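Owing to the predicted nature of the structure, the values given are computational and were not obtained by experimental measurement.
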Amino acid sequence: EMLKNYILVREIDDEKSTLNIYIDNPKGDKFSEIVIYNKRPDAAIMLFVGDFTVESLRKVGEVSEQQRKHLKKNK
């Protein structure tokens, strides 16, 4: 209910955690809030406020994906 005014952009569910990433409504390719809702292992909500672009969010997502793959490979 609290996140109904945000757009879900990514769901991550792996062996270490489950989290959802939301953004506020973009204006063009820019937005001002990122909300990370961590469901597991411990529930937490993190809010990031600033001047973000869709491209910067995409790049962060790619780096995060590479890091998770690297961690899985080195287990």
Side-chain angles (χ1 to χ4, degrees):
E1 183 66 23
M2 184 172 110
L3 297 168
K4 69 180 179 182
N5 293 324
Y6 291 85
I7 299 167
L8 177 64
V9 294
R10 183 85 189 257
E11 293 180 81
I12 299 172
D13 188 4
D14 60 26
E15 59 277 350
K16 291 189 175 196
S17 64
T18 301
L19 55 93
N20 293 342
I21 301 170
Y22 297 85
I23 62 170
D24 61 344
N25 290 314
K27 292 173 179 60
D29 70 336
K30 297 183 180 200
F31 55 97
S32 61
E33 294 181 5
I34 300 173
V35 177
I36 299 178
Y37 173 33
N38 188 30
K39 296 179 178 182
R40 178 180 62 83
D42 298 315
I45 293 180
M46 295 170 273
L47 172 64
F48 301 89
V49 178
D51 295 321
F52 306 105
T53 63
V54 172
E55 183 61 26
S56 67
L57 182 62
R58 189 173 295 124
K59 286 179 183 178
V60 169
E62 290 170 1
V63 170
S64 175
E65 185 71 28
Q66 290 171 0
Q67 289 175 337
R68 282 195 310 280
K69 285 180 183 178
H70 180 72
L71 286 173
K72 279 183 180 180
K73 187 172 81 171
N74 291 323
K75 272 190 144 188

Interatomic spacing from CD1 in Ile34 to OG in Ser56 - rounded to 0.5 Å: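 Result: 6.5 Å between the selected atoms.
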4.5 Å side-chain heavy-atom contact, [X] and [Y]:
X     : Y     : answer
Phe31 : Thr53 : no
Asn20 : Asn38 : no
Pro26 : Ile7  : yes
Thr18 : Ile12 : no

- Minimum heavy-atom separation for Glu15 to Arg40, with atom names?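 Scanning both residues, the minimum pair turns out to be O-NH1, 3.5 Å.
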Practice prompt. Over all heavy atoms of both residues, which pair between Phe52 and Phe48 is shortest? Give the atoms and the distance, please.
Written response: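 Scanning both residues completely, I find the closest heavy atoms to be CE1-O, 3.7 Å.
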Practice problem: Report yes or no: does Asp29 contribute a side-chain atom to a donor-acceptor pair with the main-chain N or O of Val54 at less than 3.5 Å? | Solution: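 Such a contact is absent between Asp29 side chain and Val54 backbone.
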Looking at residues at least two apart in the chain, or sitting in another chain, which of them share a side-chain hydrogen bond (donor to acceptor under 3.5 Å, both in side chains) with Lys27?
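With sequence neighbours excluded, Lys27 shows a side-chain hydrogen bond (donor to acceptor under 3.5 Å, both in side chains) to no residue whatsoever.
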* **ILVMFWY cluster membership beyond Ile45 - transitive side-chain contacts under 4.5 angstrom** =>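 The other cluster members (ILVMFWY side chains, heavy atoms under 4.5 Å, direct or chained) are Met2, Leu3, Tyr6, Leu8, Tyr22, Val35, Tyr37, Leu47, Val49.
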Against Leu19, only a single residue in Ile36, Asp14, Asp13 fulfils side-chain contact (heavy atoms from CB on, under 4.5 Å); can you say which?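 Looking at Ile36, Asp14, Asp13, the match for Leu19 under the side-chain contact (heavy atoms from CB on, under 4.5 Å) is Ile36.
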